[in-house]
Engineer: 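Supplied in structure tokens, the structure appears directly below.
The analysis underlying the following values was restricted to heavy atoms, covering all of them including side chains, and did not include hydrogens, waters or symmetry mates. As the structure is a computational prediction, the values presented were derived from the model and not from experiment.
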Amino acid sequence: MRRIWLWGVGKYLEKVKDVVVDEKKVAGIIDNSAELQGKVVFEIPVYNPKDIEISREDVIIITSFRKYNEIRKEAGALYDIPKENILCFFDSGSNVKEFADDIDPFRWSAINEIIGLERKSDANKGKIECLEYKSDYLEKRIELFTRDINGLLNLRYEIPDIVYKKRIEYPRIGSKEETLYKIIVEKKSMCRFGDGEMELIFGRNRPAFQIPDKKLGERLKEVMESSDERILICIADNYGLLDEFSDDAARNIRLYLTEERRREQKQLLDMNRKYYDAYVSRPYILYRDKESAAGLFALWKRVWEDRDILLVEGSATRNGYGNDLFQNAKSIRRLLAPNENAWTCYAQIRHYILEHVDKDFLVLISLGPAATVMAYDLTHDGYQAIDIGHLDNEYEWFLKNCTERVDISYKYVSEVPQGDVVDDIHDTDYEAQVLIKIGC
């Protein structure tokens, strides 16, 4: 009867055991450490390599990441066993798959991808930065294998970002700080493309607050492909390593950004141009590091400092209401539009702004995907216009030290259950800021 032995009680033993075989099929663990010999690890006894007999039918799987060649030679000298029965998990030339339990093709492909990248990294130690981190990243990714198929499928894009940057081509995306600098100092306008805008370009429904519309999709594509130097085209920085994001945020990105969607988006993107970060308006809830948001919100406040601003927003969005986000603006005016499907009122909204709002006003827009097109068109009309998206919701969560999205009773929050159920407010100062209500 063929038995399986695992060699090495190292940091990867548990991962290799879980991915390849279960403990019921393992005859024992082999290790040279006298302190470990005679003990039980994961309900499997640990043996001195010189105290056991291994038949020619048995298989040894070496769990070591770095020293597997040395161990393979030692095993070959100790036991009368065919070379092909001494397998190294982290050697892509070993046929470990034969002993894997119910590993689907995607999982096995990703395991081989990681092993291949690690071996290439070893061959280029003097050329590739951050290689000292590779073992930690590998361990995290193997752990991901067992619990998240979407994370698994995204590995080929995340691992190269840290250990083998030249293998995958990523869009060039400026930092949030650089994005805000250009808005503040160079008075750039900003058009943002998140997953909702991308999906609408391809005629699919993603944002709950905007149904697909052929004309809107065509206009979004036009904006994406534009080269107007007055406008920053911002895309979501989702394409490489996702370690800066919270676990939930990274999981959602991996779930959304499938191979098919990557191919579609690559057709839209120009790898020779520089984009900017669409998450500049989402600096808080998505990230592990919540403290850095304070500096970004401070930069945001400089955007409208001592300026007259027009907030073009849903009727229950209420940007800045109940907080100090726009407290340093010279004045605030509001144009209220529908909370959902604002594109249906697009022409009326733009016409009103052109007829009634001075070009010196900074126009800040929160109208879902319609805001992307409006910021573009209003720039051509002579305004500085910025799609600020969910910035105010993010600021509210920041002030409350939230670790997840929560309801804000007096504001429309599209990303939480029942977020469209909003309390009425009765505030004369707020009402005095409203110039007009269109379609709501």
Engineer: Side chains of Tyr412 and Glu313: any donor to acceptor distance under 3.5 Å?
Structural biologist: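 On atom types as modelled, these side chains do not qualify, holding no pair under 3.5 Å.
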Engineer: Could you list the donor-acceptor pairs under 3.5 angstrom formed by side chains in residues 356-365, with sequence neighbours left out?
Structural biologist:
residue	atom	partner	partner atom	Å
Asp358	OD2	Asp360	N	2.8

Engineer: Tell me whether Ser315 contacts the main-chain N or O of Pro338 through its side chain, where contact means a donor paired with an acceptor under 3.5 Å.
Structural biologist: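 Such a contact is absent between Ser315 side chain and Pro338 backbone.
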Engineer: Do Asn393 and Glu415 have a side chain donor and acceptor closer than 3.5 Å?
Structural biologist: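 No, no side-chain donor-acceptor contact under 3.5 Å.
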Engineer: What verdict does the side chain to side chain contact (heavy atoms under 4.5 Å, CB included) test give for Val416 and Val406, after you've listed the backbone C-alpha separation in whole Å, the side-chain angles of each residue and the deciding distance to 0.1 Å?
Structural biologist: CA-CA 6 Å; Val416 300; Val406 298; 5.7 Å; no
Engineer: Nearest heavy-atom pair of Met198 and Tyr256: which atoms, and what distance?
Structural biologist: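 Closest heavy-atom pair between Met198 and Tyr256: CB-OH, 3.9 Å.
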Engineer: Donor-acceptor pairs are to be reported for all side-chain atoms of residues 419-432 against protein atoms at under 3.5 Å, with residues two or more places apart or in another chain.
Structural biologist:
residue	atom	partner	partner atom	Å
Asp427	OD1	Asp429	N	2.9
Asp427	OD1	Tyr430	N	2.9
Asp427	OD2	Tyr321	OH	3.4

Engineer: What I want to find out is whether Arg230 reaches Asp228 closely enough, with some N-O distance under 4.0 Å, to be called a salt bridge.
Structural biologist: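 Yes.
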Engineer: Determine yes or no for a side-chain-to-main-chain donor-acceptor pair under 3.5 angstrom, with Trp304 supplying the side chain and Leu325 the backbone.
Structural biologist: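 Pair found, side chain donor or acceptor close to backbone of Leu325.
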Engineer: Hey, what do you get for NZ (Lys274) to CD1 (Ile233), rounding to the nearest 0.5 Å?
Structural biologist: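 Lys274 NZ to Ile233 CD1: 14.5 Å, rounded to 0.5 Å.
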Engineer: Classify the ring geometry of Phe398 against Tyr395: parallel below 30°, tilted from 30° to 60°, perpendicular beyond 60°.
Structural biologist: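 Parallel.
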Engineer: Would you say the side chain of Tyr383 lies within less than 4.5 Å of the side chain of Leu310, judging by non-hydrogen atoms?
Structural biologist: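 The answer is no, as the side chains (C-beta and beyond) never meet within the 4.5 Å cut-off.
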Engineer: Hey, does the side chain of Asp289 reach the backbone of Glu244 with a donor-acceptor pair shorter than 3.5 angstrom?
Structural biologist: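 Answer holds: no.
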Engineer: For Lys187, look at atom NZ and say whether over 12 heavy atoms of other residues, nucleotides or ligands are found less than 6.0 Å away.
Structural biologist: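 Counting neighbours around NZ of Lys187, more than 12 heavy atoms of other residues, nucleotides or ligands fall under 6.0 Å, so yes.
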Engineer: Counting only heavy atoms not in Glu186, do more than 12 fall under 6.0 Å of its CD?
Structural biologist: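 Counting other residues, nucleotides and ligands, CD of Glu186 exceeds 12 neighbours.
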Engineer: In terms of side-chain geometry, is the basic nitrogen of Asp381 or Arg350 positioned less than 4.0 Å from the acidic oxygen of its partner?
Structural biologist: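 A salt bridge is present here (some side-chain N lies under 4.0 Å from a carboxylate O).
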Engineer: With no hydrogens and no angle check, is any side-chain donor or acceptor of Gln384 less than 3.5 Å from a backbone partner on Ile183?
Structural biologist: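 Confirmed, Gln384 side chain pairs with Ile183 backbone.
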Engineer: Which heavy atom in Leu200 sits nearest to a heavy atom in Ile211, and how many Å separate them?
Structural biologist: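 Where Leu200 meets Ile211 most closely, the heavy atoms are CD2-O, 4.1 Å.
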Engineer: Rounded to the nearest 0.5 Å, what separation is found between the CG atom of Asn323 and the CG atom of Asp392?
Structural biologist: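 Interatomic distance, Asn323 CG to Asp392 CG, rounded to 0.5 Å: 5.0 Å.
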Engineer: Between the main-chain N or O of His390 and the side-chain N or O of Arg282, is there a donor-acceptor pair closer than 3.5 Å?
Structural biologist: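 No; judged by distance alone, with no hydrogens or angles, the pair does not exist.
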Engineer: Taking atom OH of Tyr287 as the centre, does the number of heavy atoms from other residues, nucleotides or ligands within less than 6.0 Å exceed 12?
Structural biologist: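 Counting other residues, nucleotides and ligands, OH of Tyr287 exceeds 12 neighbours.
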Engineer: Among Thr372, Ile386, Asp387, find the residue that satisfies the side chain to side chain contact (heavy atoms under 4.5 Å, CB included) test when tested with Cys191.
Structural biologist: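 Exactly one candidate clears the test, Thr372.
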Engineer: Nearest 0.5 Å, please: how far is CG in Leu435 from OH in Tyr352?
Structural biologist: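 If we round to the nearest 0.5 Å, Tyr352:OH and Leu435:CG are 4.5 Å apart.
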Engineer: Would you confirm whether Arg192, through its side chain, and Ala371, through its main-chain N or O, come within 3.5 Å as a donor-acceptor pair?
Structural biologist: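 No, Arg192 side chain to Ala371 backbone: no donor-acceptor pair under 3.5 Å.
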Engineer: Give the minimum heavy-atom separation between Asp407 and Gln418, together with the two atoms involved.
Structural biologist: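 Shortest heavy-atom separation between Asp407 and Gln418 comes out as OD1-O, 4.4 Å.
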Engineer: Would you give the length of the straight line joining atom CD of Glu197 to atom SG of Cys234, rounded to the nearest 0.5 angstrom?
Structural biologist: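 It comes to 11.0 Å.
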Engineer: Side chain of Asn238, backbone of Ile253: donor and acceptor closer than 3.5 Å?
Structural biologist: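 Checked: no pair found.
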Engineer: Is it true that a side-chain atom of Asp213 and a backbone atom of Leu216 form a donor plus acceptor pair closer than 3.5 Å?
Structural biologist: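 Side chain of Asp213 to backbone of Leu216, a donor-acceptor pair under 3.5 Å: yes, one is there.
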Engineer: What is the minimum heavy-atom distance between Ala337 and Ile349, and which atoms define it?
Structural biologist: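 What the structure gives for the nearest pair is CB-CD1, 3.7 Å.
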Engineer: Nearest 0.5 Å, what's the CD1-NZ distance between Ile184 and Lys301?
Structural biologist: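 So the CD1 of Ile184 and the NZ of Lys301 are separated by 13.0 Å.
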Engineer: Within a 6.0 Å radius of atom NE2 on His351, are there more than 12 heavy atoms belonging to other residues, nucleotides or ligands?
Structural biologist: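 For His351, atom NE2 is not crowded (no more than 12 foreign heavy atoms under 6.0 Å).
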Engineer: Take atom NZ in Lys214; do more than 12 heavy atoms of anything else shown fall under 6.0 Å from it?
Structural biologist: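 Atom NZ in Lys214 is not packed in, count stays at 12 or less.
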Engineer: I'd like to know if the side chain of Trp7 reaches the main chain of Ser64, judged simply by a donor and an acceptor atom lying under 3.5 Å from each other, with no hydrogens or angles considered.
Structural biologist: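 Side chain of Trp7 to backbone of Ser64, a donor-acceptor pair under 3.5 Å: no, none is there.
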Engineer: Looking at Thr403 and Ile285, what are the two nearest heavy atoms and their distance?
Structural biologist: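 Heavy atoms of Thr403 and Ile285 come nearest at C-CD1, 3.9 Å.
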Engineer: Do the side chain of Lys266 and the main chain of Pro171 share a donor and acceptor less than 3.5 angstrom apart?
Structural biologist: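 Here the side-chain-to-backbone pair does not exist.
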Engineer: Drop me the distance from Arg302's CZ to Leu180's CG, to the nearest 0.5 angstrom.
Structural biologist: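 Here the rounded value is 9.5 Å.
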Engineer: So which heavy atom on Ser189 is nearest to which on Thr379, and how close?
Structural biologist: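 Heavy atoms only, the tightest pair is OG-OG1, 2.8 Å.
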Engineer: Look at Arg219 together with Glu222 and state whether they make a salt bridge at an N to O cut-off of under 4.0 Å.
Structural biologist: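 A salt bridge links Arg219 with Glu222.
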Engineer: Taking the six-membered ring of Tyr68 (Phe, Tyr or Trp), confirm whether the NZ or CZ of Arg72 is under 6.0 Å from its centre and within 45° of its axis.
Structural biologist: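 Not flagged: Arg72 not positioned over aromatic ring of Tyr68.
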Engineer: Is atom CD of Glu305 surrounded by more than 12 heavy atoms (other residues, nucleotides or ligands) closer than 6.0 Å?
Structural biologist: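 Atom CD in Glu305 is packed in, count exceeds 12.
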Engineer: Tell me if the centroids of the rings in Tyr346 and Trp343 come within less than 6.0 Å of each other.
Structural biologist: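 Between Tyr346 and Trp343, the centre distance is under 6.0 Å.
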Engineer: Does the side chain of Phe297 reach to within under 4.5 Å of the side chain of Leu391, using non-hydrogen atoms?
Structural biologist: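 Yes, their side chains come closer than 4.5 Å.
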Engineer: Could you pull out all residues at least two apart from Asp277 that satisfy side-chain contact (heavy atoms from CB on, under 4.5 Å)?
Structural biologist: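 If we apply the side-chain contact (heavy atoms from CB on, under 4.5 Å) test to Asp277, skipping adjacent residues, the hits are Ile173, Lys176, Thr179, Asp237, Tyr279.
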